[in-house]
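Structure first, commentary second.
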Amino acid sequence: MTRSRRFLAGLALVAVMGGFVAVSAAPQAQPRPEQTLKAAMDKEVDGDLKTAIEMYRKVASSTDRAVAAKALLRLAACYEKLGDAQAQDVYKRLVRDFSDQPGAAEARARLETPRALGSTLVWQTEPGDPLLISSVSMDGRYMSFTDVRTGNLLVRDLAAARNRIIVSATPTQRGSSISCMGSAISHDGTQVAYSCADLKTGRPELWVASLRGDTKPRRVAGDTANPGLMPLEWSPDGKWIAGLESADRKDRLVVVSVADGKTRVLKSGFSARIFFSPDSRYVAYDLPQDVTGARDVWVTALDGSTDSAVVQSRGNDVVMGWSADGRLLVASDRISTTELIGVAIHNGTVQGAPELLSTDLGPTSPLGVTAAGALFYTTRRDTRGGSIQVAEFDPRSGSVTSPRDVSTHPLENNVNPSWSPDGKYLAYLSQRGRPGAMPVIVIRAAKTGELVREFEAKIKPETLGEWQPDSKALLVIGADGSGRSGAFRVDVATGEASFLLAYAGGTVAIPVWSADGRALYHWEMASDRNAAFFAYDVVSGADKEIVRRSFLGGLSPSPDGRFLATNTIDPVKNESVLLLVPLDGAAPREVMRVPSGATVSPTSWLPDSQSFIARVRGELWQVPVAGDSPRQLASVLDANVFKFTISPDGRRVAYRVKETASPVIQVWKYSNFLRPGSAKKK
């Protein structure tokens, strides 16, 4: 706008000889909502949060729903930076009033995603975005990543929530097609090292560019004598880049001189991350310790003077970063959860006992530790893996009507619905938030679907089984803190767990209770390599074989305790067969057979124990125990419906719907875990 136009736009009164004449000001164009949003983001980046908040609040009232939703998301972020609880109210408004906008998903995640103490979700990618997120700057503001679709190297400004291209795959370097891969931001925040594959030769090369964007990046290594390197970390003094080199089908941990590109091999093997000590003298990494693939953490001096495993355990130990006070951070699953521990390192050796910093970090991919002491890491998850639905069921016709979703969290995976024998409750297992976080057992009222309680068991659940016949406990497959794995009885009132039976997870069938609660029926591989069903007496510990065959499927006990229904295979005709196994010792008998190419399996018994429901692909069949012919029912189940189970009164069914979900990547910032006195000795 010219100076004269600015003058006229602001003029409200003109003095005219002989008097004053009121003159209307020239109309001033109001900024569009998206312009105000951009200006507010600039204020936020500059640190003027108070002004940014007022501008975001103004934009949030816009009739443009997309712009208003973006403004609300940034408004909540500003409140979070100020430690203001109003952030939660803004997120709730986003979820309630803007559920159709992309920002609602992040709002739900911030409201409902479980997190480690002090963890904050700072970025969540859009579902299905193929991004390789590699490193965080020491000030915690920038993250480098590659868009696998385009091959571009980008940086994300976490404060402004913006992405910026650093190196574009087009135009190409040296006139050939390229694709960027892993990257690492220098400790001073001015440069980024990255691996760039020349698609003509297929060989990755190591390059360095300015973090601000650089049309002339510099190649550090990648001639014919060097097979290329994936950068993982800069040394704090800026002299070295550590990474992973692959050649002759072997992986090597190396450091490369930034000045001349000369490479020094440190160790053979593969480590997803390497981190320099604060004084640039040592590097920490993790390597497999044996054929199981479990990893230990090593520290090696750059000059080769020391090389030793500093964290060793029976579990899997992964290096997470190095804090400014000299502590090495390690994630360890030596117990049922993934701990974060701190190990003091001096001159390459451990000083004192490790310190426990967090008891449940969950499986993570580390990005590094900032100068302020915040650990950044990523998790990968699906937006939703499975929901639990309840529907009305007509046992005569088999019709399934009026389905409703009783699992309400948008970021969760729910499995194994189970009705309590007294007909009062429906239980299922829910995995929420970060992968590896402790699953939650959810109890709902059978008639209304209302939440009764949800709790974490005193073990780490792997799978949820059925209710105990007295409806006071659940059978849970999992592991406790002492390393025992198997079947546990979990009290639904207290969450207390008692060990019942050693059991290998991942086998064909989950153990089930007998009708009187005195035995557990379980599937095992017999000594002759056939499958077998056993009855384990929970009082005496005696284990009695029930049946043995070359093929046996799941365990489905009748409510009256007389039979086990299961599926097997006729190896001669290659046909699927339903077996009824009497529990009084009589011989098993065939009750249904389907042609080759189809599979039949029992799903749930009807309450009178006179018949059970079987599934052939999506078809439902009623199979009588008295020897009458099976009959096909009206309903057809979709392929993504699992664990179809009938309520004790026979009027409802519960089942899991496995949902198609695009993966998302979450970036977390874990702060305030190095406070003096907060950690306890291990």
Side-chain angles (χ1 to χ4, degrees), residues 114 116 292-294 313-316 318 331-339 359-364 379-382 384-388 407 409 411-418 426-443 454-468 473-492 494-513 520-525 531 534 536 538 553-556 642-643 645 654-656 658-659 661:
T292 67
S313 73
R314 60 178 174 81
N316 196 45
V318 178
S332 176
D333 66 357
R334 65 188 70 197
I335 62 171
S336 58
T337 60
T338 301
E339 303 173 318
T359 58
D360 184 20
L361 190 65
T364 64
T379 62
R380 180 184 174 91
R381 56 160 293 115
D382 290 340
R384 192 171 188 181
S387 60
I388 303 300
S407 52
H409 285 263
L411 297 175
E412 64 183 10
N413 184 23
N414 305 290
V415 297
N416 287 18
S418 176
L426 175 69
Y428 57 90
L429 194 66
S430 183
Q431 174 74 65
R432 301 171 183 169
R434 295 172 295 108
M438 186 71 76
V440 176
I441 295 175
V442 182
I443 311 291
E454 55 184 41
F455 62 93
E456 292 182 357
K458 301 299 175 64
I459 60 169
K460 186 170 185 179
E462 175 188 312
T463 306
L464 182 67
E466 304 295 329
W467 287 78
Q468 190 169 289
L474 286 159
L475 185 70
V476 178
I477 307 301
D480 63 11
S482 65
R484 290 184 302 182
S485 296
F488 292 79
R489 177 192 182 275
V490 174
D491 189 293
V492 296
T494 65
E496 294 294 336
S498 54
F499 184 73
L500 294 171
L501 172 70
Y503 180 77
T507 53
V508 172
I510 301 172
V512 294
W513 286 104
L520 279 178
Y521 302 124
H522 62 103
W523 185 104
E524 295 288 348
M525 184 65 72
F534 291 85
Y536 175 78
V538 296
L555 293 149
S556 183
F642 300 90
K643 189 65 189 305
T645 179
Y655 49 88
R656 178 185 186 234
K658 186 176 182 181
E659 301 178 1

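Sequential numbering from 1 along the given sequence is applied to the chain's residues. Quick note: numbers below take in every heavy atom, side chains included, and nothing from hydrogens, waters or symmetry partners.
- Considering CG of Asp491 and CG of Leu474, their distance stands at 9.5 Å, rounded to 0.5 Å.
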Next on the checklist: Evaluate Ile459 against Val476 for side-chain contact (heavy atoms from CB on, under 4.5 Å), listing each step before the verdict.
Outcome noted: CA-CA 9 Å; Ile459 60 169; Val476 178; 4.0 Å; yes
Next on the checklist: One pair to check against side-chain contact (heavy atoms from CB on, under 4.5 Å): Val490 and Gln468. What are the steps and the verdict?
Outcome noted: CA-CA 9 Å; Val490 174; Gln468 190 169 289; over 6 Å; no
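- Closest non-hydrogen pair, Ala487 versus Leu475, comes out as CB-CD1, 3.9 Å.
- Here the straight-line distance linking atom CD1 of Ile388 with atom OG of Ser418 works out to 10.5 Å at 0.5 Å rounding.
- To the nearest 0.5 Å, the span separating CD on Glu454 from OH on Tyr428 amounts to 7.5 Å.
- A salt bridge does not link Arg489 with Glu466: every distance from a Lys NZ or Arg NE/NH1/NH2 to an Asp or Glu carboxylate oxygen is 4.0 Å or more.
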Item to check | Criterion side-chain contact (heavy atoms from CB on, under 4.5 Å) on Tyr655 and Thr645, from CA distance to verdict | outcome: CA-CA 6 Å; Tyr655 49 88; Thr645 179; over 6 Å; no
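- A 4.5 Å side-chain heavy-atom check between Leu464 and Val415 finds every atom pair outside the cut-off.
- Ring-plane geometry between Tyr536 and His522 is classed as perpendicular, the angle between the planes exceeding 60 degrees on a 0 to 90 degree scale with a lower cut at 30.
- Summarising the geometry of Trp523 relative to Gly553, their closest heavy-atom pair is CD1-O, 3.5 Å, with the distance given to 0.1 Å.
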Next on the checklist: Apply side-chain contact (heavy atoms from CB on, under 4.5 Å) to residues Leu500 and Trp513 and explain how you reach the verdict.
Outcome noted: CA-CA 11 Å; Leu500 294 171; Trp513 286 104; 3.9 Å; yes
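- No side-chain donor from either of Asn414 and Ser387 sits under 3.5 Å from a side-chain acceptor of the other.
- In plain terms, the two heavy atoms of Ile443 and Ala427 that are nearest each other are CD1-CB, 3.6 Å.
- To the nearest 0.5 Å, the span separating CG on Asp480 from OG on Ser485 amounts to 7.5 Å.
- Using a 4.5 Å heavy-atom cutoff, the side chains of Val492 and Trp467 are in contact.
- Distance check, rounded to the nearest 0.5 Å: CD1 of Ile510 to CG of Leu555 gives 10.0 Å.
- When all heavy atoms of Glu524 and Ala502 are compared, the pair lying nearest together is OE2-O, 4.4 Å.
- Looking at every heavy atom in both residues, Val442 comes nearest to Ser430 through CG2-CB, 3.9 Å.
- Here the CG-CZ distance, from Leu501 to Phe534, works out to 11.0 Å after rounding to the nearest 0.5 Å.
- Between the side chain of Lys643 and the backbone N or O of Pro417, at least one donor-acceptor pair lies under 3.5 Å.
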